[in-house]
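Have a look at the structure below, then the notes.
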Amino acid sequence: MEILIEIVSSVVGKIAECTVTPVVHQLGYFFHYERNIRNLRSQIQQLIHEKEKLQHLVIEATNRGDEIVQDVRDWLTNADELVKKSEIFFKEEGQANTRCSGYGTFPNMVLRRRLSRKAEKMAVAAGSEIREVQNIFQNKVTSYRGTLPSSAKIHETFESRISTLTKVMDALRDPTVNRIGVHGMAGVGKTTLAKAVEQQALEERLFNVVVMVPISQTPNFLEIQQIIADKLELDLREKTVPTRAERLLDQLMKQDKKILVILDDVWKQLALRDIGLISPGDDRKGFKMLLTSRFLNVCHQMDVDKSFEVGILIEGEALNLFKRVNGDTCRSQDVQDLVADIVKECAGLPLAITTIASALKGKRRSVWADVLRELRRSSPKDIDGMEGNVYSSIKMSYDFLGSDEARSLLVFCSLHKEDAEIQIHQLLRYGLGFGLFEGITTLEEAKNKVFNLVDHLKSSSLLLDGRSPDFVKLHDVVRDVLISIAAKSERVYLIKDAVEPEEYVSKFGDSVAISLLNSNFDQLPKRSVCARLKLLFMFGSGISSQILDKVVFEETSELRVLLLTSIHLGRLQSCFRALENLQTLCLNGCRLEDIASIGELKHLKVLDLARSQIEELPREIGQLTSLRLLDLSYCYQLRTIKPNVISSLTNLEELNLRESFTSWEVLDKVDGERSNASLVELSNLSQLSALYIRVEDASVVPKDKWLSDKLKRYEILIGVTYWTSDEISRRLAVRLEHRWQLDEYKIQTLVKTSEDLQLGGLVGLGDVVPGLDKDGFPHLKRLSFVSNDQIRYIVNLRDYMNNTSAFPFPKLESLRLWDLRNLEGVWQWHVNKNEAIDGVELEGKIEFPQLRGLLLSFLPKLKQFCPAPDDQFTKRTNSATNIADTNSIPLFNPKVCRLIFKFRKPQGM
């Protein structure tokens, strides 16, 4: 009986739960009718108030010419619709007869329930919109400057790319999302997407700071920390990763800036706090992170809130991209039937598509058919799935280069670290030592050749631009493929991290080139037979190792290029005796003690000791009579270059002492024998075409000719204590007491040919033109003149008007005049009162067609940029006082008014 009662009670309870509860809820609408209506009115009134506030901001932004953020436009649309619906609702509610017609005392329960329920839902919607607009106000982002070209330009207007970018940007705007992951296969465009996000986030002003950091397979935490610190304008003086991380994290937590950090190409889980970045558990608003990776599991391990896949291009997009890159060739009837099949083999990977399309430009049908055949049959064993297509695509582009020199340059690049910024002049040095350039007789010819090859490789989509025009990079997929190709066909190997000695032996045996990246050099075999080895790179990490004293390469007569970085080499005694054919030796950033044994390398053409710790260049270096390039730049501790070493290098074509040796001595010392080099030694270098030196004391400059007539690139500083950071082909900076010293020191020719001319002092100089050169300066891009108390004008226009040559500064981009106490103007007309001024003739003279920057400072007597003759100034005198009204004289004469409209302040000024 008790069991029966429990069953009945349970059944009754369930029936009540399913019937009574909904009924009570529906009755609630009836009984809470007035409350729901009042709540809706209140919410709508607040919504209208918030809408008016936002519309006011939108009007201000529109008046400034800004574009309105899409989220703001969407919110205003939604708010308008909700307000209109509420107006219809309240009209309906007011007109409705909410009581039964036959019974005046009883309300219409059905109508009240329906209106109350509708009011509650609308109030909830209004509340949601209010919270959303409050987030907009809190983020203070309603507009952005200009248009948003990033998705169109970077993502080639393809819908699949725009769609992914939109999703990522929406996630960044979402206040509940702090960490976003982007994943996809190599070469699909993750980095490109990250750059687009960076650009658009800045344009929309979503963040105060956006910093993008390359991580790579072997992240360098010190470099990562430095990049972030530079963006935050934080001076990290700590030396170790943990102490730098602690300081960086402390600053990130203290700052109230909105910051987006983009970690690009993450290969494995990173402990963010070990780097100095904010982790999910840290209470820090306004900090967000975007990471890209080839692997979805890495995104999960990094606890991303949302992740997005960058997929391959769909068929139509891939075909359009191929046609865009390939140009007119694919439109030919001869190859049209092959285009779709080749694009299909590229498997929608942008890198593969652009590489093959570029390689097939201008090729005949037989080449296209052969490419299709190779693409279909190529399937490397060590690359799975889609990457097989990537490999075959890049290999075909590599094979189509048609130049062994270009292919060798690519292999040289692949032997550097991942994501490395590679200086083009380094490729030149490798090529010279490797014997790459046939028919090239001078360094200048080789330089032109390398830059031409680099441009060719860039146009073939195999090299990327670096941080400046003198640097290049390799895409990581291209690099992986090149390493595989070189290992199989050229016996070129790259060895990363620590390996067993047996592997070194197996690689060294018949290899042509080897690159050791962060390897454990202590495991190197003590003796190795390397009969075919021509090139060896060893990249250290501050390792203190007597590496060349330990490792003696037997039968290495073929070694031609040796690069060692960041290694303590100590005293080099017998290390180089076996390297009898070495052509290029680069010891970069190494700690060097005694390098006299380098003098035994009689066939050496390139000696690069840049950034190394070295105090003395010994006499034995003078034995390198075949040397064509000597780079001692940034050797800050170099104090001694033994006498006659430089003069003995008679075939030298480039000498680089930038930020290095300055202790020049005069040829004939009064107090005894010289202990250091003299500038007169340079006169013995008849082949010298590039020179970078600084002379602190002008008195040591020879009075006889000391510079080669073949100089094409130079940076020569005399009496000047600073170097400039930007790169320019020909720069001369002199600070001399008298004008005649330019002639005495035989540097007048350099004044004429310089692109950047910096002058100081020069007492006795009347004007620059024609005082320095009557024909003007056809190559000059920058002119700086400081600290002179005599000069009145830069150009004597009257004397120059008699010259039939072109405008004296046709290429001038920057003019700096500083501390010229007597300067009255840049141009001097100097026309006598009785002479007429030919305005038509002057019209074509007074102009600066390329000027972009002008600095005028400490010029107390400056009247005008281009003063008028004295009789024209007289017309401006004050009739009452008969005193010239200098306040009414404009700085620029109307004849140079075009200059004003062209001005924009250059970087660095």
Side-chain angles (χ1 to χ4, degrees), residues 18-64 66-144 148 163 166-167 169-171 173-177 204 206:
C18 297
T19 57
V20 176
T21 301
V23 170
V24 171
H25 185 69
Q26 295 300 320
L27 286 175
Y29 289 127
F30 174 79
F31 289 111
H32 297 145
Y33 173 79
E34 297 293 344
R35 186 185 69 181
N36 288 342
I37 295 297
R38 284 196 305 271
N39 184 43
L40 176 60
R41 288 187 187 278
S42 175
Q43 292 288 73
I44 293 298
Q45 287 174 357
Q46 185 177 353
L47 180 65
I48 293 173
H49 176 68
E50 300 291 348
K51 184 168 76 77
E52 290 174 349
K53 284 170 54 180
L54 186 59
Q55 284 177 330
H56 179 70
L57 295 177
V58 167
I59 291 173
E60 288 183 345
T62 304
N63 291 337
R64 293 194 304 266
D66 287 358
E67 298 284 346
I68 306 304
V69 174
Q70 184 63 44
D71 283 353
V72 173
R73 295 200 298 266
D74 292 343
W75 188 90
L76 288 172
T77 300
N78 294 337
D80 283 336
E81 292 178 356
L82 192 53
V83 170
K84 289 178 181 178
K85 288 180 180 179
S86 70
E87 291 173 350
I88 296 172
F89 172 84
F90 287 124
K91 184 177 180 181
E92 178 186 355
E93 190 268 343
Q95 294 175 349
N97 182 4
T98 59
R99 295 179 181 272
C100 296
S101 58
Y103 305 93
T105 60
F106 291 98
N108 187 330
M109 294 180 60
V110 175
L111 182 58
R112 285 173 71 92
R113 185 201 65 80
R114 181 175 65 81
L115 292 176
S116 178
R117 182 172 181 268
K118 188 173 183 180
E120 183 183 69
K121 289 186 176 182
M122 292 179 64
V124 170
S128 176
E129 294 296 332
I130 291 170
R131 287 191 295 273
E132 183 175 345
V133 77
Q134 287 173 346
N135 286 332
I136 292 175
F137 290 140
Q138 183 178 1
N139 292 331
K140 299 179 180 180
V141 177
T142 57
S143 62
Y144 56 90
L148 294 176
S163 174
T166 301
K167 293 176 183 177
M169 295 306 301
D170 288 342
R173 300 185 193 101
D174 188 341
T176 65
V177 175
E204 294 188 23
L206 295 178

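What's counted below: heavy atoms across the whole structure, side chains too, no hydrogens, waters or symmetry copies.
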With sequence neighbours left out, which residue pairs that include part of residues 42-57 fulfil the salt bridge (charged side-chain N to carboxylate O under 4.0 Å, His left out) condition? Glu50-Lys53, Lys51-Asp80
Test salt bridge (charged side-chain N to carboxylate O under 4.0 Å, His left out) applied to Asp170 - qualifying residues, sequence neighbours left out: Arg173
[atom1]-[atom2] distance between [X] and [Y], expressed to the nearest 0.5 angstrom:
{"X": "Lys118", "Y": "Phe89", "atom1": "NZ", "atom2": "CZ", "result": "7.0 Å"}
{"X": "Trp75", "Y": "Ile130", "atom1": "CH2", "atom2": "CD1", "result": "8.0 Å"}
{"X": "Glu129", "Y": "Asn78", "atom1": "CD", "atom2": "CG", "result": "5.0 Å"}

If you look at every heavy atom in Gln134 and Gln46, which pair is closest and at what distance? NE2-NE2, 3.9 Å
So, for Gly127 and Gln43, which heavy atoms are closest and what is the spacing to 0.1 Å? CA-NE2, 3.4 Å
Are Met169 and Leu206 side-chain neighbours, meaning at least one heavy-atom pair lies under 4.5 Å? yes
With heavy-atom distances below 4.5 Å as the criterion, would you say the side chains of Val83 and Glu87 are in contact? yes
Begin with the C-alpha distance, continue with both residues' side-chain angles, and end with the deciding distance and a verdict on side-chain contact (heavy atoms from CB on, under 4.5 Å) for Leu40 and Asn36. CA-CA 6 Å; Leu40 176 60; Asn36 288 342; over 6 Å; no
I'd like to know whether Ser42 forms a side-chain contact (heavy atoms from CB on, under 4.5 Å) with Arg38, so could you lay out the CA-CA distance, the side-chain angles of the two residues, the decisive distance to 0.1 Å, and finally the verdict. CA-CA 6 Å; Ser42 175; Arg38 284 196 305 271; over 6 Å; no
Please check if the side chain of Ser128 supplies one atom and the backbone of Val124 the other of a donor-acceptor pair under 3.5 Å. no
Walk me through it: do Arg35 and Asn39 pass the test side-chain contact (heavy atoms from CB on, under 4.5 Å)? CA-CA 6 Å; Arg35 186 185 69 181; Asn39 184 43; 5.5 Å; no
